[in-house]
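Since the structure is predicted, the reported quantities are computational estimates derived from the model, not experimental observations. Only this structure's heavy atoms are used, side chains among them; waters, hydrogens and symmetry mates stay out.
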Amino acid sequence: MPPTTPPRIAIIGAGPGGLTCARVLQRHGLPVTVLDRDASAGARPQGGTLDLHAATGQAALRTAGLYEEFAALARPEGQEMRLYDRDATLLFRHAPAVDVTERPEIDRGELRRLLLDSLTPGTVRWGHYLRALHPLGDGRHKAEFDDGHTEEFDLVIGADGAWSRVRPLLSDATPHYSGVTFVEFAFDDADARHPALAHLVGGGSMMASAADRALIVQRNSRGHLRGYAAFRGSEDWALEAGVTMTDTGAVRAALLDRFAGWDDRLLALLTDNDGGFANRPLFALPVPHTWAHTPGVTLLGDAAHLMTPFSGMGANLAMLDGSDLALALVRHPDRDAALRAYEAVLLPRSADAAEAAARGLANALAPDAPEGSLRHLRMTAGNA
């Protein structure tokens, strides 16, 4: 018999989930193309740190054959969690021993480099912003890109995040504002330049909360601290306050007004940060988010189950999604059967995680904070 032509598989989006999927496919001899809108791998910052869970993100890296490389980069000390009240009184501390690796931290940029370096050169094609997908029948689709060129694929995997261009082919759902906004700030070389704040944060992450608002800080590698002023309110809070995000002084004054009465040791997070602020309103997809099976196209990661970060499961699930989908395609010679098997696991699992994220958000920014935050952190630590 003549050799079977391998299917043309496209993954839209070079985030952790899409890259994990591509790595597992290539590890099993299946060719794949990853198309990403960014101009290059370093076109924009990749965000803060991730805690990779043993049963999800770490399991996906084991399937990808990358666990040892991950372990060399991970920071087990980053599993520490601290909770303060608005007076900077320590209410809760969870600090697993360094040999406990249930949820070690890794910077998003380091994880992405690990995954990118594991792929065959040329797998990721940068500067490809998907405009639309057009069904051609028999599960095939024509992908149309913003520069006008088109390509045909036998399978298109939407790993393109919150505002996915692939999702509309499967679902009418769109992300909705959660009612909570994060305003991001950062500190460089914190141990040397901001020792009091570095001591407050500790080796991992901290949260101080009171009455629907919180200050959250994560320790990244090389002494970098990334933090968020979190609060309930309008998505247009800055406009309503009469400030623009490029006016650092005005944003700082508006935040200090929101956190009036908090201890000066905590307010230093808003007064002493390096650089400016970035607005990060939190969005989520409806729960459960489901779709009717459609041959030749599926979703993973935020494109499938965008949720707020209070479950700690977003990137972990995206990577597990990518691993599970790749294995399904390897194990099922029929692509349609593979997608059905994958979606039968994906949809209920992501609904459970999204419900947990909604509960976590409700607890962490509860009217009775910090009691609600304490419930959230004890639950998180208990699941570690």
Between side-chain atoms of residues 341-351 and protein atoms elsewhere (two or more places apart, or another chain), which donor-acceptor pairs fall under 3.5 Å?
from, atom 1, to, atom 2, distance (Å)
Tyr342, OH, Leu299, O, 2.8
Glu343, OE1, His293, ND1, 3.1
Glu343, OE2, Trp291, NE1, 3.2
Glu343, OE2, Thr298, OG1, 2.7
Arg349, NH1, Asp324, OD2, 2.7
Arg349, NH2, Asp321, OD1, 2.9
Arg349, NH2, Asp324, OD2, 3.2
Ser350, OG, Leu346, O, 3.0
Ser350, OG, Leu347, O, 3.1

Query raised in the report: Do the side-chain N and O atoms of Thr150 and Glu144 include a donor-acceptor pair separated by under 3.5 angstrom?
Result: no

Query raised in the report: Counting distance only, does the side-chain N/O of Asp138 pair as donor-acceptor with the main-chain N or O of Arg140 below 3.5 Å?
Result: no

Query raised in the report: Is the backbone N or O of Ala250 less than 3.5 Å from a side-chain atom of Asp247, with the two atoms forming a donor-acceptor pair by type?
Result: yes

Report task. Would you please say whether a donor-acceptor pair under 3.5 Å links the side chains of Thr33 and Arg8? Result -> no

Query raised in the report: Is the backbone of Asp51 close enough, under 3.5 Å, to the side chain of Asn316 for a donor and an acceptor to pair up by distance?
Result: yes

Report summary line: Closest heavy-atom pair, Gln79 versus Pro76, reported as atoms and distance to 0.1 Å, is NE2-O, 2.9 Å

Report task. Ignoring hydrogens and angles, state whether a donor on the side chain of Tyr84 or Arg265 is under 3.5 Å from an acceptor on the partner side chain. Result -> no

Query raised in the report: Quick one: does NZ or CZ of Arg131 land under 6.0 Å from the six-membered ring centre of Phe145, within 45 degrees of the ring axis?
Result: no

Query raised in the report: Would you find a donor on one side and an acceptor on the other, under 3.5 Å apart, between the side chain of Thr20 and the backbone of Pro16?
Result: yes

Query - Cation-pi, Tyr67 ring and Arg62 (6.0 angstrom, 45 degrees) - result: yes

Query raised in the report: Is Arg44 salt-bridged to Asp38, going by a charged N under 4.0 Å from an acidic O?
Result: yes

Query - Nearest non-hydrogen partners of Glu80 and Ala95, listed with the distance - result: CG-CB, 4.0 Å

Query raised in the report: Is His176 reaching over with its side chain to a backbone N or O of Ala284, donor-acceptor style, under 3.5 angstrom?
Result: yes

Query - Residue of the set Arg112, Arg75, Arg226 for which side chain to side chain donor-acceptor pair (under 3.5 Å) holds with Asp107 - result: Arg75

Requested in this report: Validate the cation-pi geometry between Arg280 and Phe182: distance from NZ or CZ to the six-membered ring centre under 6.0 Å, angle to the ring axis within 45°.
Outcome: no

Report task. Measure up the Trp262 and Phe259 rings against each other and bin them: parallel (under 30°), tilted (30 to 60°), perpendicular (over 60°). Result -> perpendicular

Query raised in the report: Would the number of heavy atoms belonging to other residues, nucleotides or ligands and lying under 6.0 Å from CZ of Arg27 be above 12?
Result: yes

Query raised in the report: Yes or no on ring pair (Phe, Tyr, Trp, His ring centres under 6.0 Å) for His141 and Phe153, after CA distance, side-chain angles and deciding distance?
Result: CA-CA 6 Å; His141 291 80; Phe153 296 100; 9.8 Å; no

Query raised in the report: Any luck finding a side-chain donor-acceptor pair between Glu240 and Ser234 under 3.5 Å?
Result: yes

Requested in this report: Using only heavy-atom distances, determine whether the side chains of His28 and Gln26 contain a donor-acceptor pair under 3.5 Å.
Outcome: no

